[in-house]
Amino acid sequence: IDNYAFSSCPYLKSVTISEGVKEIGWAAFEKATLETVNIPSSVKRIETYAFNECRELKNVTILEGVNEIGYSAFAATALESVYIPSSVKRIETYAFNECRKLKNVTISEGVEVIGNAAFAATALESVNIPSSVKIIETHAFNGCRLLKNVVISEGVMYFGVSVFESTALEEVVLPSSVQYISDLVF
């Protein structure tokens, strides 16, 4: 799906992306009025801004096979829950930033990097970080004011600046694998 293909479509509520599509281009659906989208396993990359500011987007299914969720791919949407499959190795910068209704995220074993502000300013209440994650970049969960519980598995090595700043965390257990903790992490 080419860059800007359906950008700003005011009446587009649903889209079926057929098996065989390999990439969702830059801002392909940005600011469309989509409510739901299913991303098949043939899609390897969800590009920068692909669904950015789709303010009505409540449901997304990302199937195993997707390798990358791009910069601001789902930022500022109405997503309430998201499953990140194990085929995704990196959740890019701002991928789900400012998804103010996002309460639940499942990050599968296999994800290695959570990018800068990837889940910042969301409604997450708890999060489990699997052992495959090695790096949690700057501001990853910053401003998640309802975030009370985080489970950080053995394997995480690096925390960027302000990862959990402005959250409601009540307790944190750091695994022995941690090698570096930046300023103002908590």
Side-chain angles (χ1 to χ4, degrees), residues 1 6-10 12-15 17 24-39 43 45-63 66-108 110-130 133 135-152 160-169:
I1 299 174
F6 298 94
S7 182
S8 299
C9 284
L12 185 64
K13 298 287 184 200
S14 180
V15 65
I17 300 172
I24 299 171
W26 183 292
F29 295 94
E30 184 178 39
K31 297 181 182 177
T33 55
L34 285 173
E35 294 176 356
T36 186
V37 66
N38 294 312
I39 301 171
V43 170
R45 181 170 170 77
I46 302 169
E47 264 292 357
T48 298
Y49 302 123
F51 298 93
N52 183 53
E53 292 188 50
C54 289
R55 304 236 182 242
E56 306 300 317
L57 184 59
K58 294 179 183 168
N59 301 300
V60 64
T61 302
I62 304 170
L63 294 180
V66 173
N67 295 324
E68 187 174 337
I69 298 173
Y71 181 101
S72 286
F74 293 96
T77 62
L79 290 175
E80 296 172 359
S81 180
V82 68
Y83 170 81
I84 312 292
S86 64
S87 56
V88 172
K89 299 305 173 206
R90 178 181 174 83
I91 303 167
E92 270 299 342
T93 298
Y94 301 124
F96 297 92
N97 185 52
E98 293 190 20
C99 291
R100 306 255 181 223
K101 296 181 181 180
L102 184 61
K103 289 185 176 187
N104 300 300
V105 63
T106 301
I107 302 170
S108 295
V111 174
E112 298 172 358
V113 178
I114 299 173
N116 293 335
F119 295 99
T122 62
L124 291 174
E125 297 172 356
S126 68
V127 66
N128 290 326
I129 299 172
V133 172
I135 298 170
I136 304 173
E137 293 182 347
T138 300
H139 302 290
F141 297 94
N142 185 309
C144 295
R145 300 200 183 279
L146 302 176
L147 184 60
K148 290 183 179 181
N149 181 36
V150 62
V151 176
I152 305 166
V161 174
S162 302
V163 169
F164 295 107
E165 187 177 14
S166 299
T167 64
L169 287 178

Are the charged groups of Glu80 and Lys101 less than 4.0 angstrom apart, N to O?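 No, Glu80 and Lys101 are not salt-bridged.
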Would you call Glu56 and Lys58 a salt bridge, taking side-chain N to carboxylate O under 4.0 Å as the test?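 Here Glu56 does not pair with Lys58 in a salt bridge, since their nearest N and O are not under 4.0 Å apart.
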Going from [atom1] on [X] to [atom2] on [Y], what distance comes out if it is rounded to the nearest 0.5 angstrom?
X      : Y      : atom1 : atom2 : value
Glu137 : Arg90  : CD    : CZ    : 4.0 Å
Leu34  : Leu12  : CG    : CG    : 4.5 Å
Asn128 : Asn149 : CG    : CG    : 7.0 Å
Cys54  : Glu30  : SG    : CD    : 8.0 Å
Ser86  : Ile107 : OG    : CD1   : 13.0 Å
Glu92  : Ile69  : CD    : CD1   : 10.0 Å

What do you reckon, is CZ of Phe164 surrounded by more than 12 foreign heavy atoms closer than 6.0 Å?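 Counting neighbours around CZ of Phe164, more than 12 heavy atoms of other residues, nucleotides or ligands fall under 6.0 Å, so yes.
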Stepwise, does the side-chain contact (heavy atoms from CB on, under 4.5 Å) test hold for Phe51 with Leu79? CA-CA 11 Å; Phe51 298 93; Leu79 290 175; over 6 Å; no
Between Ile17 and Asn38, is the side-chain contact (heavy atoms from CB on, under 4.5 Å) condition met? List the steps. CA-CA 7 Å; Ile17 300 172; Asn38 294 312; over 6 Å; no
Report the C-alpha separation of Ser166 and Arg145 in whole Å, then their side-chain angles, then the decisive distance to 0.1 Å, and conclude whether the side-chain contact (heavy atoms from CB on, under 4.5 Å) test is met. CA-CA 6 Å; Ser166 299; Arg145 300 200 183 279; 3.6 Å; yes
Any donor-acceptor N/O pair, Thr122 side chain to Glu98 backbone, under 3.5 Å: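 Between the backbone of Glu98 and the side chain of Thr122 there is no qualifying donor-acceptor contact (under 3.5 Å).
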Using 30° and 60° as the class boundaries, would you call the ring planes of Phe6 and Phe29 parallel, tilted or perpendicular?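 Phe6 vs Phe29 ring planes: parallel.
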Please determine which of Phe74, Tyr94, Phe141 meets the ring-ring contact (aromatic ring centres under 6.0 Å, His included) test together with Phe119.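 Going through Phe74, Tyr94, Phe141 one by one, the ring-ring contact (aromatic ring centres under 6.0 Å, His included) with Phe119 is satisfied by Phe141 alone.
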